[in-house]
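One structure below.
The structure presented is a predicted model; accordingly, all values stated were derived computationally and were not measured. Residue numbers start from 1 in every chain, and the chains themselves are labelled A, B, ... in the order their sequence lines are given, proteins ahead of strands.
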Amino acid sequence: MTTTTALPKQYDPSEVEPRWLRFWLENDFFHADEAAAKVPYSITLPPPNVTGSLHIGHALGSTMQDVLIRWRRMQDHNAMWMPGIDHASIAVHVLIERQLKRTESKTRQDLGRDEFMRRAWEWKDKSGSRISEQEKLMGFSLDWPRERFTMDDKSNRAVREAFVKLYEEGLIFRAKRMINWDPASETVVSDLEVDTADEPGKLWEIVYPIVGGGTITVATTRPETMLGDTAVAVHPDDPRWAAVVGKQVELPLTGRLIPIIADGILAKAEFGTGAVKVTPAHDPNDYECGLRNHLDSLQVIDLKGRMCAPAPAKYVGMTVDKARAAVVEDLEAAGALGAVKDYKVPRGRSQRSGAVIEPMAMDQWWVKAAPLAARAVEAVDGGKTRFVPESHTKTFMNWMTNIRDWCISRQLWWGHRIPAWYCDACGTVEVSRTDLTACRTCSKPLRQDDDILDTWFSSALWPFSTLGWPEQTRALKTFYPNNVLVTGPDIIFFWVARMMMFGLHFMGKVPFKVVYLTAIVTDENGDKMSKMKGNVIDPLDIIHGATIDKLLDRATAEGAPDAAIKTIKKNLPKGIEAMGADALRFTLARLNTGSARIRLSVERVDENKKFINKLWNASRFALMNLDGFDPERFEAQLATPAGRAALGVSERWILSRLQAAAADVDTALEAFRFSDAANTIYHFLWDSFCDWYIELAKPSLQVPADAGEAVEPARAARRHVVQGVLAYVLETTMRLLHPFAPYVTEEIWQKLPKPPQLPGSLMITKFPYRDATFVDPAAEAELQFVQDVVGAARMLKATYNLPSSQLVDIEVRVPNDGKRATLERFADAIEKLARSRPKIVASGAAVPGAATTVLGSDVELVLPLGGLIDVPKETARIQKDVAKCDKEIAAIDKRLENPEFIANAKDGVVDENRARRADEVARKAALQDALRTLGAVS
RNA sequence: GGGCGAAUAGCUCAGCGGAAGAGCGUCGCCCUUACAAGGCGGUGGUCGCAGGUUCGAACCCUGCUUCGCCUACCA
């Protein structure tokens, strides 16, 4: 067969990638059959938000998942990667509300619940598949026919089932407790959705007059809440205030009488004045205090974050901030204000809206977390689920052992409505798997709970709800538990913890055996990527490229500040060149060393684009030289020991290196060391295959122009072997690299001549493995020696600024017969690679005016330079080497002269040191000879 | 306040008990017909500081310093 294929010098991903994506999808290669008789391997993709767009964090996590899935699939596992999308309750809710306000100046209440939901679904149907399309571009081999949505019918059913079951078991309940209220979104949010940070504030002292004489001064950072005070508390052991406990104070601005109580609310009696105001309705600590002391609870802040009755009418309607200023002013006027000082106040803000969270006591639905968490702790302790990196285990365990109940109700509309019905007539509460209309006890109409569930409730069921639960499906049996979960450390608590709890509870088994937590991708300075900063790297821009104008227009449209625009102009003056999904994927893998942060930049991706291009050109070279190659014949030759023995040393060497690379990649992937795996391939391909093997192969591939049909048989056979190894190594390397860079490898693989029985796509071939038949230490040693000699010759020439193209004569003195034979065998290669014609001898006399170097202990390279020699320079260089020898010998002697070293060192270490010392001594002697020769010249 | 992690070449990072490594940068030489998005060579490090364990420490232990990232109801 003939395979002269003209390929462009530069690889063009934009032409190649869509073609193979279509091919894979059309052939259903991403789909796994749950009934297949193979070892299952499953991963569930963390479902991205339906509002989302693929960002670099997704790209990282999903690339690692795809590497694992493609790798296992090629190892003949039944590899299934579950795709899906999350309904992102609050994000969509806010989006639709905002749209409504902008286009129709309406609120959701104006629209009504049903119409609001209709619009939300309309939006979802139109825009909800965007991120899936982007995932496809990245080449992610997700099992698309299985794709799910957290609000599809099956998920809804799973959510209902889970809720009702937990309710029946007493693990879901409704109760009035202190919650975090987001006054902007007007919903409760969980503790996790609150970001607490110290913000500058003040600590005010307020003087409360005690009925019957005297005053008591309290300290607070929230003076406006004094309008809702129902007590003043002092520490029970504080002698200063013992006498006033039980008395009443008259609350300024309101005139209400409230008691002074002794309570342990103050952790430290010495705080401030030793007395604090107690506002049970608006502070978690005060709430607890109120319960302990049976205090009234006066809510003076409403759901919009404004003051309300029973606060005095003057303040009603004011925002909290305004009320604070007004109260302080009025207190001062009333002479009730004490000292005021600047103070750092820890302030909770809603992650979603940024609004200051108001703690309030409200009726909400809760999941009783402790018993569920206990099982998760037990499972991790027992090694059923393992965290990678391991350090995250402690974080998880800490959280789980101190877990608090999970508030799951939300006052929003887009989401799973809570399946609880109330009878206003008789007070019955029913929780049901099916919708209810009439009360079971009094037959009156029922009212369904208005609230919906926290988005994370359905996410917690995801690893099994996607497989059909609560039905006992075949898919569930095959793919649960998942082998791995890959996600970001930021959602360990939100998601991982809850999947663990629900998985163990409903399935009786952990949802995944390994939790691999990815790094955070930052910009090159280590700063978090943010549109506001202008340092975002968008995966799609990397794939397709983006002009500077496009980048700037988009940033402007997104409302980025001037500083961000400036940053973009500075960092990417020419925009971004199209680099393809492969380059991005390979970059992410190489940078993923296991450290907590990955600093990414366009330059980093560009380096790997160069690697892809290098690979492309190596393949071009091979394809240009495979005329007349017969893959079946070569395969037959490789299959027999005699055939393998007929290979040349270079061939045995590269095959040995190749299988070592395959072994290293396998080991690295087993341990989730993506960077090591990618780097192994990078170095094998570039350093071993391109820099050495291809160069060594070239002479054998050449067909003399005048040879015609009359190429001598030995030469033709040799050519065929070299062609075979070129093709074989490339083909195998494509398999190794495929999980990381699926597109370019498929493109090249398809073009390579290969035995006909292989499958129709690289992605369903077998992954390479450590293969003892190709291990060849002798060939490795020989090639290492040849490389060292070539390197030394190049170094000598470079030292004297001889053009690397200039052919020189060089004397190589090698006392060892075997090594000399190696050099004889590679003399032509050395001449070609170092442009140095070697004269190989066992020993030789001093050559005046020559530059000399010593390789190891006994190999000398002598480059005659005649008058060109720079004696001082050469002397200095060799003396530097001698000094190195001396230093090394001294260090080894120190060890060897220490009896304890001889007595205690591990096996072989002492001998190794002795051998090394002998080498160094010999090397030094050779170097000194060279110095003497130099001296003879001057 | 508590926890975790990091500190190694100019930069980004591997190495985690027995001779200091890679990529990028930098400086030379080469357009050697696969690739100039390339080839070859060089330069560059008391492995944060101070103790300790060990025959031997970048690596293990202790303390300190400086940076990250989590986490927390000090009014």
*Would you mind classifying the nucleic acid contact of A:Lys609 as base, sugar-phosphate or nothing, using non-hydrogen atoms under 4.0 angstrom?*
base
*Indicate whether OP1 or OP2 belonging to B:C55 is found under 4.0 Å from a side-chain N or O atom of A:Asn904.*
yes
_Nearest-angstrom distance, C1' atom, B:U65 to B:G48_ = 8 Å
_For A:Phe396, the option from A:Ile492, A:Thr401, A:Leu517, A:Val515 that meets side chain to side chain contact (heavy atoms under 4.5 Å, CB included)_ = A:Ile492
*Counting side-chain heavy atoms from C-beta on, which of B:G41, B:G68, B:A75 comes nearest to A:Arg794?*
B:G41
_Suppose you measure atom P in B:U53 against the same atom in B:C69; what distance do you get, rounded to whole Å?_
37 Å
*Hey, does the side chain of A:Lys894 come within less than 4.0 Å of B:A19's phosphate (OP1/OP2), counting only N and O?*
no
*Please give, in whole Å, the distance from B:A34 P to A:Tyr693 OH?*
15 Å
_Side-chain N,O (A:Arg604) to OP1/OP2 (B:G23) below 4.0 Å_ = no
*State whether A:Lys394 places a side-chain N or O below 4.0 Å from either non-bridging phosphate oxygen (OP1 or OP2) of B:C4.*
yes
*asked:* Let's see if you can work this out: which of B:A75, B:C35, B:G18 has an atom nearest to the side-chain heavy atoms of A:Arg620?
replied: B:C35
*Sugar-phosphate, base or nothing in reach of A:Glu888, heavy atoms under 4.0 Å*: base
*Span that lies between the P atom of B:G15 and that of B:C64, in whole angstrom*: 27 Å
_Inter-nucleotide P distance (B:G39, B:G44), Å rounded_ = 24 Å
_Among B:C29, B:A19, B:A34, the one nearest A:Ser804 by side-chain distance_ = B:C29
*asked:* Please classify the nucleic acid contact of A:Ala905 as base, sugar-phosphate, or nothing, using heavy-atom distances under 4.0 Å.
replied: base
*asked:* When you measure from the side-chain N and O atoms of A:Arg835 to the phosphate of B:C40, is any distance below 4.0 Å, counting only OP1 and OP2?
replied: no
_Does B:A19 have OP1 or OP2 under 4.0 Å away from a side-chain N or O of A:Arg916?_
yes
*Between B:A34, B:A75, B:C30, which nucleotide has the shortest distance from any of its atoms to the side chain of A:Pro803?*
B:C30
*Between B:C35, B:C13, B:G38, spot the one nearest the side chain of A:Ser595, thanks.*
B:C13
*Under 4.0 Å between a side-chain N/O of A:Lys906 and OP1 or OP2 of B:G18, yes or no?*
no
*asked:* Taking the P atom in each of B:A50 and B:G42, what is the distance between them to the nearest angstrom?
replied: 33 Å
*Could you state the CG-P distance from A:Asn625 to B:C35, rounded to the nearest angstrom?*
12 Å
*Across the strands shown, which category fits A:Lys698 at heavy-atom distances under 4.0 angstrom: base, sugar-phosphate, nothing?*
base
*So what does A:Lys614 touch, heavy atoms closer than 4.0 Å: a base, only the sugar-phosphate, or nothing?*
base
_Between B:G52 and B:C11, how far apart are the two C1' atoms, rounded to whole Å?_
34 Å
*Classify the nucleic acid contact of A:Lys341 as base, sugar-phosphate or nothing, counting any heavy atom under 4.0 Å across all strands shown.*
nothing
*Minimum heavy-atom separation for A:Arg604 to A:Asn608, with atom names?*
O-ND2, 3.2 Å
*asked:* If you only use heavy atoms from C-beta on, which nucleotide in B:A34, B:U12, B:G41 is closest to the side chain of A:Ile694?
replied: B:A34
*Does a nitrogen or oxygen in the side chain of A:Trp686 sit under 4.0 Å from OP1 or OP2 of B:G39?*
yes
*Reckon A:Asn801 touches a base, only the sugar-phosphate, or nothing at all at heavy-atom distances under 4.0 Å?*
sugar-phosphate
*Heavy atoms only: give me the nearest A:Cys289-A:Val278 pair and the separation to one decimal.*
SG-CG1, 4.0 Å
*asked:* Over all strands shown, is A:Phe493 touching base, sugar-phosphate only, or nothing at heavy-atom distances under 4.0 angstrom?
replied: sugar-phosphate
*Can you tell me, in whole Å, how much space there is between the P of B:G38 and that of B:G3?*
49 Å
_Phosphate-side-chain proximity, A:Thr593 and B:A14, N/O vs OP1/OP2 below 4.0 Å_ = yes
*Distance below 4.0 Å between A:Arg599 side-chain N/O and B:U12 OP1 or OP2*: yes
*Under 4.0 angstrom, heavy atoms only, what part of the nucleic acid is A:His392 near: base, sugar-phosphate, or nothing?*
nothing
